[in-house]
Amino acid sequence: MSFSPERLRYLELLSQKFPTPAKVASEIINLKTILALPKGSEHYISDIHGEYSLFMHILKNASGSVRRKIRQCFPSEEMSTAEANALATLIYYPEEKLALLKEENGALEHSWYYTTLMRLIQVCRKATSKYTRSKVRKAMPKDFSYIIDELLNYSEADEDDNRTSYVHNIVNNIIDIGSADAFIIAISELIQHMVIDKLHIVGDIFDRGNGAHKVMDALDQYKNVDIQWGNHDILWMAAALGQWASIANVLRNCIRYNNFDSLEEGYGINLRPLTQFALSTYRDDPCTAFLPSHSKRETELKQQRENDELTAKVHKAISVIQFKLEGQILHDHPEYHMSHRLFWETLDPKNHRVEIDGKLYDIKDAHFPTLRPESPYQLSPEEETVMNDLAFSFRNSVRLQKHLKYLLDNGSIYKVNNGNLLYHGCIPMNEDGSFHTSLLNGKYYYGKALLDQYTRVIRVAAVAPRHSLERKNALDLMWYLWCGTRSPLSGKYKIATFERYFIADDTAGKEEKDPYYTWIEKEETAFRILDEFGADPKNGKIITGHVPVKRGESPIKSGGKVFNIDGGMNERLNSVTGISGFTLVSNSHQLLLAEHHPIDITAALHTNEDIHSKVMTIETYPKRKLIADIDDGKHIKEQVRDLQDLLRAYRDGEVLPKE
């Protein structure tokens with residue numbers, strides 16, 4: 001049977017990569033062998049919110065996966081709990097633990113190094129056993145790749161005296177030439193990376209905590225990461241692209257939580273113009289409603305900033321600017337249906353009242369020296385200058401622009417992966433449970449089509465000409481995704497920032513959730529959403545974050561179809577959730593849910609204490625899942641079919657070998 005002209009053109013192109021029948025056959029054998037390997041472990045993490053230390057610990061121990069590998073290699077009758085704990089801590093923090101051991105015990109003996117290296121080699125062999133040698137080699141640190149490759153592909157069960165002697169000589173030589181520390185660090189990091197094959201970040205890397213920039217740097221070191229953008233991520237992305245309202249929101253969030261590390265040290269944002277403006281404009285204003293919020297840790301350690309009064313003035317200055325800029329966007333976009341957030345024009349400065357949702361409220365602070373009643377959303381010339389300077393600083397931060405590119409390259413609003421559906425917030429719904437329809441660029445969309453359009457617009461914002469209307473509208477929509485009434489990332493009727501600052505009546509600040517959050521409790525809703533997005537309605541799961549699971553609540557909903565893994569990783573949410581986050585792990589045998597509790601990392605280095613995690617088996621698969629059973633397997637099978645066609649074309653003379 002001859003191939004069609006179109007198929008032959010494709011096979012000719014493919015032959016450039018595989019120029020001979022032998023190379024095609026070799027690749028077919030390789031790919032078919034990969035299909036028979038077990039699937040790699042997938043790790044799902046949500047709502048990191050700048051908690052770098054805790055995030056890294058969860059990543060290093062892979063929600064208990066490293067400890068499980070240790071016990072698979074060394075059962076309790078072979079290794080005590082104390083020894084297993086010490087080995088686990090060394091794998092998590094090799095450099096720090098080695099320094100501590102030397103500080104406590106002096107120089108480490110040859111016997112300790114030998115035993116430790118042999119144990120690490122066994123754990124690494126176990127962690128890499130379900131991957132091809134090629135994949136493992138690519139993950140190896142360059143300085144020790146040859147040595148590690150030799151050590152991993154040996155087992156004492158081989159009973160080859162020559163080989164055994166060879167391996168033992170390698171280990172002894174590593175110690176004798178003084179390279180044991182460097183080797184321990186290298187192989188420990190390889191173990192950390194190999195116990196996680198895919199890392200899924202289900203939104204909200206940024207805000208609240210002060211280490212989001214470090215989290216982004218850490219993610220960049222992992223090879224297989226996807227990110228489902230959260231509303232806080234979208235906000236920072238829009239700010240990095242220079243959108244003024246988003247910049248104001250980013251600054252207000254950071255100042256509110258006394259988080260200057262990410263802004264100034266992490267991204268080099270110059271706050272001097274804003275600070276000078278705030279001191280000048282609000283010099284005699286105490287700005288008491290804008291004093292920064294300190295975390296429990298900062299309060300206990302008495303590390304509060306000494307200039308809280310200055311911070312409060314800066315906080316108020318950027319907040320007033322934010323509310324003005326947001327009003328401009330809402331006037332430009334009536335299709336957002338957010339006129340209920342246009343409160344500046346209802347302000348009565350004499351009687352200190354404002355109208356919100358049709359009701360008048362007394363305001364606690366009516367000192368707005370830059371507000372013009374005739375044009376309440378227009379920035380003053382000084383505010384305009386401040387925002388120009390800030391936008392320049394955001395657009396020209398090299399580190400921030402690098403992280404923006406990473407988020408664009410590896411992210412989307414949702415992802416369908418191995419039958420599961422991942423998204424950060426919600427799928428907007430009406431009161432009757434039907435999908436909500438929104439207007440975008442003159443057309444109406446809902447469900448999957450709506451989220452596809454949002455993802456497309458975000459990518460347009462990054463590439464459209466800087467001063468074009470297309471870019472402005474795309475950036476405005478990114479702001480809407482941060483806080484909009486029907487945003488799938490926000491999922492609230494409103495974010496009551498203005499009310500929290502200015503209204504004493506707590507009822508004004510109530511944030512009503514999208515009807516989705518009522519309907520998602522029903523199993524049939526989960527089935528309908530999975531089907532809408534082309535996921536697996538029968539076996540697939542919906543994995544989300546965004547809404548902290550309060551103390552006493554379950555993260556599992558809809559009869560086991562939906563998992564909300566926002567357990568409050570950020571310290572400021574611990575009092576609400578009682579824990580420090582949930583994570584999911586899907587290996588080739590099981591789906592596991594881990595509930596994590598706070599840990600003092602510094603103390604843990606001394607005590608070898610691991611994070612206390614309650615691990616629940618959600619599902620045990622009827623048979624071990626292979627690569628052939630997952631999405632990667634589908635792609636490999638397609639490659640095999642193409643290569644088989646090319647091999648047949650070579651043998652039939654329809655395509656000529658290139659060598």
Side-chain angles (χ1 to χ4, degrees), residues 1-42 69 121-122 124-142 144-155 157-160 163 166-167 190-191 193-198 222-224 417-419 586-589 621-659:
M1 185 181 96
S2 298
F3 295 103
S4 68
E6 293 79 10
R7 185 62 172 168
L8 271 177
R9 279 195 292 270
Y10 172 75
L11 295 176
E12 282 285 358
L13 289 172
L14 188 60
S15 71
Q16 303 299 319
K17 186 175 182 181
F18 302 98
T20 67
K23 290 186 176 180
V24 176
S26 177
E27 184 66 6
I28 291 173
I29 293 167
N30 174 48
L31 292 176
K32 283 194 168 186
T33 304
I34 289 173
L35 289 172
L37 289 172
K39 76 176 278 293
S41 295
E42 299 176 76
K69 297 297 181 189
I121 291 164
Q122 282 186 258
C124 192
R125 189 180 299 126
K126 187 69 177 178
T128 59
S129 62
K130 58 184 176 182
Y131 303 117
T132 64
R133 289 183 68 175
S134 173
K135 183 169 184 174
V136 176
R137 284 195 197 103
K138 290 175 183 176
M140 287 178 185
K142 292 182 180 178
F144 292 103
S145 60
Y146 172 76
I147 299 299
I148 293 175
D149 190 41
E150 289 290 295
L151 293 172
L152 291 186
N153 292 286
Y154 156 78
S155 170
D158 293 342
E159 298 180 354
D160 185 327
R163 186 69 177 165
Y166 172 67
V167 167
L190 179 60
I191 292 169
H193 282 262
M194 296 310 293
V195 292
I196 300 173
D197 186 44
K198 285 187 179 180
Y222 280 78
K223 302 297 183 186
N224 202 348
N417 181 76
N418 296 336
S586 170
N587 56 40
S588 59
H589 295 288
Y621 306 131
K623 64 175 184 176
R624 192 175 195 185
K625 286 197 174 183
L626 307 179
I627 291 177
D629 303 320
I630 63 175
D631 290 348
D632 288 349
K634 294 176 184 176
H635 299 316
I636 291 173
K637 289 173 186 175
E638 291 173 0
Q639 293 176 52
V640 169
R641 284 193 292 270
D642 289 341
L643 289 167
Q644 287 173 332
D645 280 355
L646 177 58
L647 186 59
R648 183 158 63 86
Y650 276 140
R651 289 172 175 172
D652 291 347
E654 294 191 78
V655 174
L656 298 178
K658 302 298 181 290
E659 292 180 3

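Side chains included, hydrogens not; waters and symmetry mates left out as well; all remaining heavy atoms used. The first residue in the sequence is number 1, and the count goes up from there.
- Taking every heavy atom of both residues into account, L152 and M140 meet most closely at CD1-CE, 4.0 Å.
- Taking all atoms of both residues into account, the shortest heavy-atom contact from L647 to P21 is CD1-O, 3.7 Å.
- Once rounded to the nearest 0.5 Å, the distance linking CG of L646 with CZ of R651 reads 10.5 Å.
- Counting only distance, with no hydrogens or angles, the side chain of K623 and the backbone of Y621 share no donor-acceptor pair below 3.5 Å.
- In this structure, the separation between CD1 on I121 and CG on L151 is 4.0 Å, given to the nearest 0.5 Å.
- The NZ atom of K23 lies 11.5 Å from the CD atom of E27; values are rounded to the nearest 0.5 Å.
- A distance-only check finds a donor-acceptor pair linking the side chain of K637 to the backbone of A628 [under 3.5 Å].
- Heavy atoms of other residues, nucleotides or ligands lying less than 6.0 angstrom from NZ of K658 number more than 12.
- The side-chain heavy atoms of L8 and E12, taken from C-beta on, include no pair separated by under 4.5 Å.
- The salt bridge (charged side-chain N to carboxylate O under 4.0 Å, His left out) test applied to K39 returns E42, not counting sequence neighbours.
- Shortest non-hydrogen contact noted between S41 and N587 is OG-CB, 3.5 Å.
- Annotation for A649 and L11: closest pair CB-CD1, 4.1 Å, computed over non-hydrogen atoms.
- Listed for the S26 side chain is no donor-acceptor partner under 3.5 Å among the backbone atoms of A22.
- For the salt bridge (charged side-chain N to carboxylate O under 4.0 Å, His left out) test, residues two or more places apart in sequence or in another chain that qualify with K634 are D631.
- At a threshold of 4.5 Å between non-hydrogen side-chain atoms, the residues I34 and N30 count as touching.
- In this structure, CG on L626 lies 10.5 Å from NZ on K130, to the nearest 0.5 angstrom.
- Looking only at side-chain heavy atoms (C-beta outward), D632 and K198 come within less than 4.5 Å of each other.
- Annotation: the span from K625 atom NZ to I630 atom CD1 amounts to 8.5 Å, rounded to 0.5 Å.
- Of the possible donor and acceptor atoms, none in the side chain of R624 sits under 3.5 Å from a partner among the backbone N and O of H589.
- Here the shortest heavy-atom pairing between I627 and P38 reads CG1-O, 3.7 Å.
- In this structure, D645 contributes its side chain and D642 its backbone to no donor-acceptor pair below 3.5 Å.
- The backbone N or O of V24 lies less than 3.5 Å from no partner atom in the side chain of Y650, so there is not a single donor-acceptor pair.
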Candidate pair K69 and V195, rule side chain to side chain contact (heavy atoms under 4.5 Å, CB included), full reasoning: CA-CA 9 Å; K69 297 297 181 189; V195 292; 4.1 Å; yes
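- Closest non-hydrogen pair, E150 versus Y166, comes out as OE1-OH, 2.8 Å.
- Summarising the geometry, atom CG belonging to D629 is positioned 9.5 Å from atom CG belonging to L35; distances are rounded to the nearest 0.5 Å.
- Judged as a salt bridge (charged side-chain N to carboxylate O under 4.0 Å, His left out), and not counting sequence neighbours, the contacts of K135 are D197.
- With R7 contributing its side chain and S2 its backbone, the two residues share no donor-acceptor pair below 3.5 Å.
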